[in-house]
Each structure stands twice: as structure tokens, then as C-alpha cells.
There are 2 protein chains.
Amino acid sequence: MSARNRVVVDEREKPSGVPLLLKELGMMVDFRLLEVGDYIVPGYAVERKEVGDFLKSLYSHRIFDQAYRLREVYENPVLVVEGDVAQIINHGIKPQALWGALTTLTFDHGLKVFFTPDQTQTANLIYTLRRKKPHLLKGPVVKRTRKVEVLETTQLQLVSFLPGIGLKLADRMLTKFQTVRTVFSASAAELSTVRGVGKVTANRIVKILDTPYRPFLKRPRQLKLDENNS
Amino acid sequence: MSARNRVVVDEREKPSGVPLLLKELGMMVDFRLLEVGDYIVPGYAVERKEVGDFLKSLYSHRIFDQAYRLREVYENPVLVVEGDVAQIINHGIKPQALWGALTTLTFDHGLKVFFTPDQTQTANLIYTLRRKKPHLLKGPVVKRTRKVEVLETTQLQLVSFLPGIGLKLADRMLTKFQTVRTVFSASAAELSTVRGVGKVTANRIVKILDTPYRPFLKRPRQLKLDENNS
DNA sequence: ATAGCCGGGTGGTGA
DNA sequence: TCACCACCCGGCTAT
């Protein structure tokens, strides 16, 4: 039996029944306590979620943290959503929220998402994955999207990060001041010449700009005293 | 209605009902005779297949040719399989053949595969796709900021929004320059005095700061022509 | 993730 | 000057 037939499984996945099915398919199942991911086969890491859990982790934003960590550690992160897709819709979620989540997971996080109807098919999917060479075929299709040409968006997002400034106002400010630098050099009076920006907002912005920074990031060297624990 | 809300649809997709649903969602549908793909929305090309057709094109290997051509022409090829997945399994196909095909399409052909239960959800998916813009991820999701330390975190997040600057570097920059304003007033030379910031990063930052803004937000008055049509 | 609601800032108009 | 109002922002909630 080759190493290809091995799969490392997170212990908490035991009750799901999937590991048993994998054994029946002839794989060697190796239980561990995994920090990230549920199933590891050479080259691939699989996170399995039943539809209910998927929704939960969507509502709590947890799914995106998990996706991030998965992507950081493994080169081919896979998300398996197990159960009836239609059931997710009927659950009452706004469809646009569902598809929005799925598309950002696939396009922005580089996650490959599969839907399986039940545990048996989840096992089949993992089993099939095992025999795929992690990389093959002529051109490496996975093109790391280089971060060029997003200039305007970055400028806009930067400015719209100021308190009281959204996309609309950021656009107006940049149109008026031309560059990001001039926006961030402006005085409160100058800022409030922009339509939609009044004294209050302008002063809030200036406060952010001119208040001396008080480092609050943990430095490795420094011993940190307990400040607000009981 | 802006160009973002446009979708080019292959004429043969008309009877599927999806184009009508897209219209109801407020999109402008533009029928053409497409050589490859069924739905084109800025940046994405969608091939839609009902489960039956998917099986057929799987048996005949046609699906791989289509996937290849789709990938050749568009940067973000999407395959939508519409209908009940479980039905495919029950149809008698060997599960391994199904998952093998899907994984090959995903990993080797770089195709993004989505499963939708019906036409309505297919429409929702395409609709959601329309507004996605390639934005880059800096790291784990930004934690919700508590009201208290809002000032420092805002300063930090502002600076860390600069290209190549994460939380750690932002902290160093602010510690060195004291205020946000001075950071955003600094020259490339001054910026690169910060440890971890080199010439390249410094220049990228300066570019963001000093490049005159080209408004790209939709103005209500302005008529905008379709951007990626031939 | 997305949509919707609501409270509050902003600036313009008309009384 | 003041009061009303349309617009924009951002925070919260439900799905």
C-alpha cells in the first residue's frame, strides 16, 4: 500500500462517519489533532462542513478566517459543503449572501469549493483527490493574481477609511484634491470645503491625522502588565 | 444603469429562463451569438449546464474541450452545474468518475465550479458575480474594533492599508513618524528609513499618494459605454 | 456576505 | 436665522 493511500484525519471528524467510509475504500486513516483542516491527503487539505455548520460559520465570519489559515498552510485548500444546496436556500438565507460568500471564497481566497450530497460522496471525493498529482498538466493554470492595476481602488479605499467618509465622499475629496497626499495634508477648514463634509466630520478626521500615535501593538521584548483583567 | 450591470448572453440560453430572471434582478441583458461561454459579465465567463447535459458532455469528453476554450479566452472561467447533484449519482455514474472529472476541471483546468439547484439560483450567482472586483487580501479578517481604542486602531489600519504595509510595519512607521499626517507627507526616501520598508515598497506607496485621481465612480449624469465589449 | 433599517451629520432651500 | 429635507455615512440586525 503506497503513501498515496494515506489520509490524515482530524480526530474530531471521527463521529462524522467519513473516516470509516474512507477505510472501506481502502485508505489508511491516520488520526491526529489538526490545527487547520479536517482531512489531509498529499497535496490537498480538505475542510468539511455540513450545510448547517457552513451557515453558522458564515454568519459568524469564522469561515473566512478558516479559509485564510487553510490557504496559508496548504497549497491546495478544498472546502467541501455536505448536504442539500437547496436546503441552504430554503433555510432563509439571502441568496446573494450565499453566492457572495462562495464567490469570495473561490476567487479571493483561492479555495476550491465542492458540494456533496452526503458523507459517502464526501469520502468518494477525498478518495478521488488522493490519486491526483497535486500539479500536472502543461501550464500551471493557477495564476497567482498579481496585484497591479488596482490604483484607483486603493486610493479610494484609503480615503474612505477616514471617519465619516464613505465611497461617495472619498470620490468627491479625491476629485477636488487630486492626490491622496494632498487630502491627507489638508486642514480642517480645507476639508470642509468638500460638499458633504462639515465641521464635525472635518475635525474628526484631523484628530485622527494629528494625534500622536500611542503604540499599543505588543512588542515581543516588552513584558506586558495585566491591564484590564480582573 | 452602469456598465457593471450588463451581461452578454448567448442567444441559445434564451429559453432557459435565466436571462429573464437576470432582467428581473435589474441587469441589462444583451443577446449575442457567443462562440464560447453562455454568460459574459465583466471579468467573468460562465458556462451553464444542466445536470443531464453535464453528464452527456462528460461521457463524450466534450466538457474538457469546452473548459479548455473557456480558459483560453477568459481570465475567470466559471462552470455552473444546475440541478440536483444527488441525481447525478443516482443516475448510475460511478462516483469516482464524477469527482474525478470535477477535480480535474477545478485543479487542472482552473475552472471554478458552482452547483445551483435551479435557474433562479443560477441567476443569483451571475448577479452576484457582476459586482465582484479583484481585491487583495491582506490577512485575517479585521477584528471588529471596540469603541474604546478606536483612535489608535484607525490610525494603524489607515497606514496598514498602504501597499506592502501590514500591521507590524504600520506600527513601526507610526512610531517613527508620530502622526498619520507626517506618514502621508513623507517622501520615498524618508519612508524607506523605516526598517522593513525598502525602495520598492516606498515607491509603490509614493505612487499611490501622488498619482492624480482618475474618477471611476459612476456619476449619475454621465453616460458610460460598455467597457469590455468587442 | 448582503440587505435593510435607523440614527446622526451635512448642506441647501424656503419661510 | 431657523426649520425642514434629501443625501450620505456607518453601525446593527436578520437571513
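Please read these numbers as outputs of a predicted model, since none were measured by experiment.
Of the candidates dC9(D), dA1(C), dG9(C), dC9(D) carries the atom nearest the K168(A) side chain, counting heavy atoms from C-beta on. Side-chain proximity of T128(B) to dT10(C), dT2(C), dG11(C): nearest is dT2(C). Nearest to the side-chain atoms of K94(A) among the listed nucleotides dA1(C), dA3(C), dC8(D) stands dA3(C). Out of dA1(C), dG12(C), dA3(C), the shortest distance to the side chain of F64(A) is found at dA1(C). In this structure, the nucleotide among dC8(D), dG9(C), dT2(C) sitting nearest to the side chain of R204(A) is dG9(C).
Note: CZ (F114(B)) to P (dA1(C)) measures 14 Å, nearest angstrom. Distance, M173(A) CE to dT10(C) C1': 14 Å, rounded to whole Å. Across the protein-nucleic acid pair, L129(B) atom CG and dA1(C) atom P stand 15 Å apart, rounded to whole Å. Look at CG on L169(A): it is 12 Å from C1' on dG10(D), rounded to the nearest Å. Atom C1' of nucleotide dG8(C) and atom NZ of K199(A) are separated by 18 Å, given to the nearest angstrom. If you measure from atom CG of L191(A) to atom C1' of dC8(D), you get 17 Å, rounded to the nearest angstrom. Put simply, CD1 on I208(A) is 12 Å from P on dG10(D), counting in whole angstrom units. Across the protein-nucleic acid pair, I93(A) atom CD1 and dA3(C) atom P stand 12 Å apart, rounded to whole Å.
Counting non-hydrogen atoms under 4.0 angstrom, L98(A) reaches nothing in the nucleic acid. Backbone-only contact: A101(A) has heavy atoms under 4.0 Å from sugar-phosphate atoms and none from a base. In this structure, L162(A) reaches the sugar-phosphate backbone alone: every heavy-atom distance under 4.0 Å involves primed, P, OP1 or OP2 atoms, never a base.
Remark on DNA chain C: of its neighbouring residues A202(A) and Y127(B), the 5'-side contact belongs to Y127(B), judged by nearest-heavy-atom nucleotide.
Q87(B) and N90(B) share no side-chain donor-acceptor pair at under 3.5 Å.
Under the 6.0 Å distance and 45° angle rule, R130(B) counts as a cation-pi partner of Y127(B).
One finds a side-chain N or O of Q96(A) lying less than 4.0 angstrom from the OP1 or OP2 phosphate oxygen of dA3(C). At dT10(C), one or more side-chain N or O atoms of T201(A) fall inside 4.0 Å of OP1 or OP2 (strictly under the cut-off).
Judged purely by atom type and a 3.5 angstrom limit, R12(A) uses its side chain to pair as donor or acceptor with the backbone of L34(A).
Heavy atoms only, all atoms of each residue included: L209(A) and T179(B) are closest at O-CB, 3.2 Å.
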Under 3.5 Å, which donor-acceptor pairs link side chains of residues 18-28 of chain B to any protein atom two or more places apart or in another chain?
none

